[in-house]
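Everything below concerns the one structure shown next.
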Amino acid sequence: MNSKKNLVFIGMMGSGKSSIGYLVSKKMNIKFIDIDNLIENETGMSISEIFEKKGEDHFRNLEEEITLKTLKNIGVAISLGGGGFVNNNIRKEILTNHFSFWLNWDELVLLKRIKGSKKRPLALKLTVQEIKQLIKKRSKIYSKAQFKINCNKLTKTEIVKKIIKIYEPN
Ligand code: S3P
């Protein structure tokens, strides 16, 4: 990797940020950091437990602190939680200093993946209609990412190849 910038993967829950981020990091031989995993390791609690016992605001504060700290790395792949890029401080830092990739999927694909997901406390409490609204609202924010990857018709391998191809000339 010839850049000090990090590669940051953003998108809705269920968009494959962790698995794609991991695969890209393997291909590029760089370190991979998953923010949700890091939050779980640092707190000793699962994301669901944090939401349940400490509340969403507490989770969002932790998310901001840990994400900004992680962005101080150099040349690593980072997968954000679905709400990370919604945070103004996190978004500003990413847009100013890093490469960002939005993994974009059709609403129906995302809905199928996240509705009723037990490890996703936010999705669990929302109705189908509310999830659709969240996807719409968040997509406006995700669309500020530097690169948008339309994933629907692609295999995982093709998505990874596309990301590396975009990144390499930079
Ligand atoms: C959230 C997404 C989750 C996790 C938390 C909140 C969100 O991460 O950070 O449950 O607000 O979209 P994934 O996108 O990895 O599921």
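No experiment lies behind these values; they were computed from the predicted model shown. Only this structure's heavy atoms are used, side chains among them; waters, hydrogens and symmetry mates stay out. Start at 1 and go down the list; that is how both ligands and their atoms are numbered.
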Exercise. What atoms in ligand 1 come closer than 4.0 Å to a heavy atom of P121?
Worked result: 10 (O)
Exercise. Would you call E56 and R60 a salt bridge, using N to O less than 4.0 angstrom?
Worked result: yes
Exercise. Atoms of ligand 1 less than 4.0 Å from R138 heavy atoms?
Worked result: 7 (C), 11 (O), 12 (O)
For this session: Using the salt bridge (charged side-chain N to carboxylate O under 4.0 Å, His left out) rule, take K69 and E42 through it: C-alpha gap first, then chi angles, then the decisive distance, then the call.
Result: CA-CA 13 Å; K69 192 172 81 186; E42 290 205 3; 3.3 Å; yes
Seminar exercise, completed: D36 heavy atoms within 4.0 Å reach ligand 1 at atoms 3 (C), 4 (C), 8 (O), 9 (O), 13 (P), 15 (O)
Exercise. Taking heavy atoms and a distance under 4.0 Å, where does R60 meet ligand 1: side chain, backbone, both or neither?
Worked result: side chain
For this session: Could you tell me whether D57 atom CG has more than 12 heavy atoms of other residues or ligands within 6.0 Å of it?
Result: no
Exercise. Which atoms of ligand 1 have any heavy atom of G81 under 4.0 Å away?
Worked result: 8 (O), 9 (O), 14 (O)
Problem set entry | Proximity of K17 to ligand 1 by residue part, where a heavy atom lies under 4.0 Å | side chain
For this session: Check the angle between the aromatic planes of F101 and F9 and answer parallel, tilted or perpendicular using the 30° and 60° thresholds.
Result: parallel
Problem set entry | Working for side chain to side chain donor-acceptor pair (under 3.5 Å), residues D106 and N152 | CA-CA 7 Å; D106 279 351; N152 292 296; 3.2 Å; yes
Exercise. Hey, is NZ on K161 packed in by over 12 heavy atoms from elsewhere, all under 6.0 Å?
Worked result: no
Exercise. Is atom OH of Y22 surrounded by more than 12 heavy atoms (other residues, nucleotides or ligands) closer than 6.0 Å?
Worked result: no
For this session: List every atom of ligand 1 that sits less than 4.0 Å from any heavy atom of G83, numbering the atoms from 1 in the order shown and giving each element.
Result: 7 (C), 11 (O), 12 (O)
For this session: Considering only non-hydrogen protein atoms, determine which one is nearest to atom 16 (O) of ligand 1 and report residue, atom name and distance to 0.1 Å.
Result: R120 NE, 2.8 Å
For this session: Using distance alone, decide if ligand 1 has a nitrogen or oxygen within less than 3.5 Å of any nitrogen or oxygen in G82.
Result: yes
For this session: Would you mind listing which atoms of ligand 1 come within a distance below 4.0 Å of any non-hydrogen atom of I47?
Result: 5 (C), 10 (O)
